[in-house]
Amino acid sequence: MTLADPDLTGSTAFITGTTRGIGKQLALALADRGCNIVSTGKTTDDDDAELAGSIEQTAREVRDRGVEALALELDLRDEDRVEAAVEEAIDRFGAVDIVINNASAIQLANVADLPADRFDLLTEVNVRGTHLVAHAFAEHLSGLDEAWLLSNSPPVVTDRSPGKAPYAWSKLGMSFITLSLAEELAGDGVGCNTFWPVTTIDTRATRYFGLGTEDDWRTPEVVSDAVLEILARDPAACTGNSFYDEDLLREAGVTDFSAYNLTEGDPAPMSARLFDPEFERDA
């Protein structure tokens with residue numbers, strides 16, 4: 001088994017939602033491969049927040065790895081701020097060749113139980129935020145020799161999701177935007193793909209919303225290792241795909257996923273089944 005270890009020296013990644021969890025792990029994993037990082041999110045050092053983590057803290061840990069980092073406060077609901085952050089990132093680094101839509105709002109609820117303002121939050125952060133970032137970066141990415149736009153969102157395999165329809169709508173919308181962009185930028189050397197964990201990942205949201213127990217979770221490293229498998233490919237040839245993390249890692253030769261588990265055992269595919277209740281592992 002040999003996991004991908006792409007040399008990202010000289011590249012720059014703009015990642016949304018890097019204060020903690022999957023987004024932070026993506027930032028650190030790419031930095032370990034030489035990639036400069038634009039760390040974005042709503043939590044800053046100046047906030048009086050009980051939660052650990054900030055965009056600046058992630059940036060400091062990135063710099064400790066010997067690469068450059070830029071921390072930009074970013075509310076994905078603010079169109080003007082999204083455009084300004086993209087411009088600032090490009091001005092600072094000259095080129096941003098990896099864009100990862102990771103930030104996401106979550107609330108699992110029946111249609112009858114979710115008020116309009118919470119529906120708006122899910123839609124504005126997830127699908128609209130993905131559109132705003134993609135819209136702001138599309139021309140820039142298409143002008144580069146090789147570039148990536150990736151979204152942390154599931155395959156579009158269902159037309160209904162009882163018990164969580166508003167959240168599912170917003171996450172599937174992220175994928176719809178990303179996969180459509182793959183067609184719109186076909187021939188420009190931009191790899192537009194989605195990635196999604198098969199199991200639930202140990203994050204603040206997972207713990208806050210009680211999505212299973214530690215027996216059901218894997219560490220964020222399983223996602224970052226899968227994303228590195230994507231980034232080791234040719235973006236012109238690898239575009240328009242919806243990847244599961246396990247599939248990417250199995251292709252790389254991983255047969256034992258225990259190193260990613262929080263406890264002994266084999267976590268069920270809870271994350272995949274959020275949107276595909278009939279999901280079964282191939283192996």
Side-chain angles (χ1 to χ4, degrees), residues 1-9 11-41 52-53 55 57-69 96-104 147-154 171 174-175 178 191-207 216-233 235 238 241-262 267 269 271-272:
M1 177 191 73
T2 303
L3 291 178
D5 188 23
D7 182 1
L8 301 178
T9 302
S11 292
T12 297
F14 182 104
I15 307 174
T16 64
T18 58
T19 55
R20 57 188 70 88
I22 293 173
K24 180 174 182 176
Q25 174 57 33
L26 288 171
L28 299 182
L30 269 62
D32 282 335
R33 276 76 186 175
C35 188
N36 302 317
I37 301 296
V38 183
S39 172
T40 77
I55 55 174
Q57 177 59 36
T58 297
R60 287 190 288 271
E61 294 182 36
V62 165
R63 294 188 193 103
D64 288 343
R65 286 158 163 79
V67 295
E68 296 185 53
V96 175
D97 51 346
I98 301 171
V99 176
I100 303 181
N101 291 298
N102 168 75
S104 186
W148 296 96
L149 187 141
L150 308 177
S151 295
N152 184 3
S153 55
K171 293 300 293 185
M174 292 176 67
S175 297
T178 304
C192 301
N193 304 281
T194 73
F195 59 91
W196 189 247
V198 168
T199 69
T200 309
I201 304 300
D202 183 17
T203 66
R204 170 186 172 268
T206 298
R207 291 179 178 268
D216 302 305
W217 304 337
R218 285 186 176 145
T219 66
E221 282 80 2
V222 70
V223 179
S224 62
D225 282 352
V227 168
L228 290 173
E229 292 294 328
I230 299 174
L231 296 179
R233 302 183 180 190
C238 180
N241 304 290
S242 285
F243 292 112
Y244 281 120
D245 59 351
E246 284 188 9
D247 292 342
L248 285 163
L249 295 175
R250 283 199 183 94
E251 287 181 28
V254 177
T255 58
D256 181 1
F257 288 82
S258 62
Y260 301 114
N261 299 342
L262 271 67
S271 185

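When a residue number appears, it is its place in the shown sequence, counting from 1.
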Trainee: Do the side chain of Arg218 and the main chain of Pro267 share a donor and acceptor less than 3.5 angstrom apart?
Mentor: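 The answer is no, because no donor-acceptor pair under 3.5 Å joins these two groups.
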Trainee: Taking it one step at a time, do Ile98 and Cys35 satisfy side-chain contact (heavy atoms from CB on, under 4.5 Å)?
Mentor: CA-CA 9 Å; Ile98 301 171; Cys35 188; 4.2 Å; yes
Trainee: Are any non-hydrogen side-chain atoms of Ser11 and Trp148 less than 4.5 angstrom apart?
Mentor: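 A side-chain contact under 4.5 Å is absent here.
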Trainee: Donor-acceptor check, side chain of Ser175 to backbone of Pro154, threshold 3.5 angstrom: yes or no?
Mentor: yes
Trainee: When rounded to the nearest 0.5 angstrom, what distance separates CG in Asn101 from CZ in Phe14?
Mentor: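 Asn101 atom CG to Phe14 atom CZ measures 8.5 Å (nearest 0.5 Å).
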Trainee: Answer yes or no: is there a donor N or O on one side and an acceptor on the other, between the side chain of Asn241 and the main chain of Asn193, under 3.5 Å?
Mentor: no
Trainee: To check you understand the geometry: which heavy-atom pair defines the closest contact between Ala232 and Ala4, and what is its length?
Mentor: CB-CB, 3.7 Å
Trainee: Under 4.5 Å between any side-chain heavy atoms of Val223 and Gln25, yes or no?
Mentor: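 No; the side chains remain at least 4.5 Å from each other.
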Trainee: State the OG1-CG distance between Thr9 and Asn36, to the nearest 0.5 angstrom.
Mentor: 9.0 Å
Trainee: Looking at Thr58, Thr19, Thr18, Thr16, which hits side chain to side chain donor-acceptor pair (under 3.5 Å) with Ser39?
Mentor: Thr18
Trainee: Considering non-hydrogen atoms only, spot the tightest contact between Arg65 and Glu61 and give its length.
Mentor: NH1-O, 3.1 Å
Trainee: Taking all non-hydrogen atoms of both residues into account, name the closest pair between Ser104 and Lys171 and its distance.
Mentor: OG-NZ, 3.3 Å
Trainee: Could you verify whether a donor N or O on one side chain and an acceptor N or O on the other, from Trp196 and Ser242, lie under 3.5 Å apart?
Mentor: no
Trainee: Is a side-chain N or O of Thr206 found less than 3.5 angstrom from the main chain of Ile201, in a donor-acceptor match?
Mentor: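 It does hold such a pair.
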Trainee: Hey, does Tyr260 have a side-chain heavy atom less than 4.5 Å from the side chain of Asp225?
Mentor: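 Side chain of Asp225 against side chain of Tyr260, heavy atoms only: contact under 4.5 Å found.
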Trainee: Does some side-chain heavy atom of Val227 sit less than 4.5 Å from a side-chain heavy atom of Asp245?
Mentor: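 With C-beta onward as the side chain, the pair stays apart.
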Trainee: If you look at every heavy atom in Ala31 and Val62, which pair is closest and at what distance?
Mentor: CB-CG1, 3.9 Å
Trainee: So, do Thr12 and Val38 sit near enough that their side-chain heavy atoms are less than 4.5 Å apart?
Mentor: yes
Trainee: So does Gly21 get a backbone contact from the side chain of Arg204, meaning a donor-acceptor N/O pair under 3.5 Å?
Mentor: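 A pair under 3.5 Å: no.
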Trainee: Please report the shortest heavy-atom distance between Met174 and Asn152, naming the atom on each side.
Mentor: CE-O, 3.9 Å
Trainee: Mind running side-chain contact (heavy atoms from CB on, under 4.5 Å) on Arg233 and Leu248 for me, showing each step along the way?
Mentor: CA-CA 11 Å; Arg233 302 183 180 190; Leu248 285 163; 3.6 Å; yes
Trainee: Do Leu228 and Asp5 touch side chain to side chain, with heavy atoms closer than 4.5 Å?
Mentor: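 No. Closest side-chain heavy atoms not under 4.5 Å.
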Trainee: Would you compute the distance between atom CD of Glu246 and atom OG of Ser271 and round it to the nearest 0.5 angstrom?
Mentor: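 Here the interatomic distance stands at 10.5 Å.
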Trainee: Can any side-chain N or O of Asp202 pair as donor or acceptor with the backbone N or O of Trp217 at less than 3.5 Å?
Mentor: no
Trainee: Check whether any side-chain heavy atom of Leu150 sits under 4.5 Å from a side-chain heavy atom of Thr178, and report yes or no.
Mentor: no
Trainee: Enter the distance from Thr40:OG1 to Ile100:CD1 here, rounded to the nearest 0.5 Å.
Mentor: 10.5 Å
Trainee: Pair Val198, Phe257 - check side-chain contact (heavy atoms from CB on, under 4.5 Å), show working.
Mentor: CA-CA 12 Å; Val198 168; Phe257 288 82; over 6 Å; no
Trainee: Side chains of Arg20 and Thr203: does their closest heavy-atom pair fall under 4.5 Å?
Mentor: no
Trainee: Do the side-chain N and O atoms of Asp216 and Thr200 include a donor-acceptor pair separated by under 3.5 angstrom?
Mentor: no
Trainee: Measure across Ala252 and Leu3 and return the closest heavy-atom pair with its distance rounded to 0.1 Å.
Mentor: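 Heavy atoms of Ala252 and Leu3 come nearest at CB-CD2, 4.1 Å.
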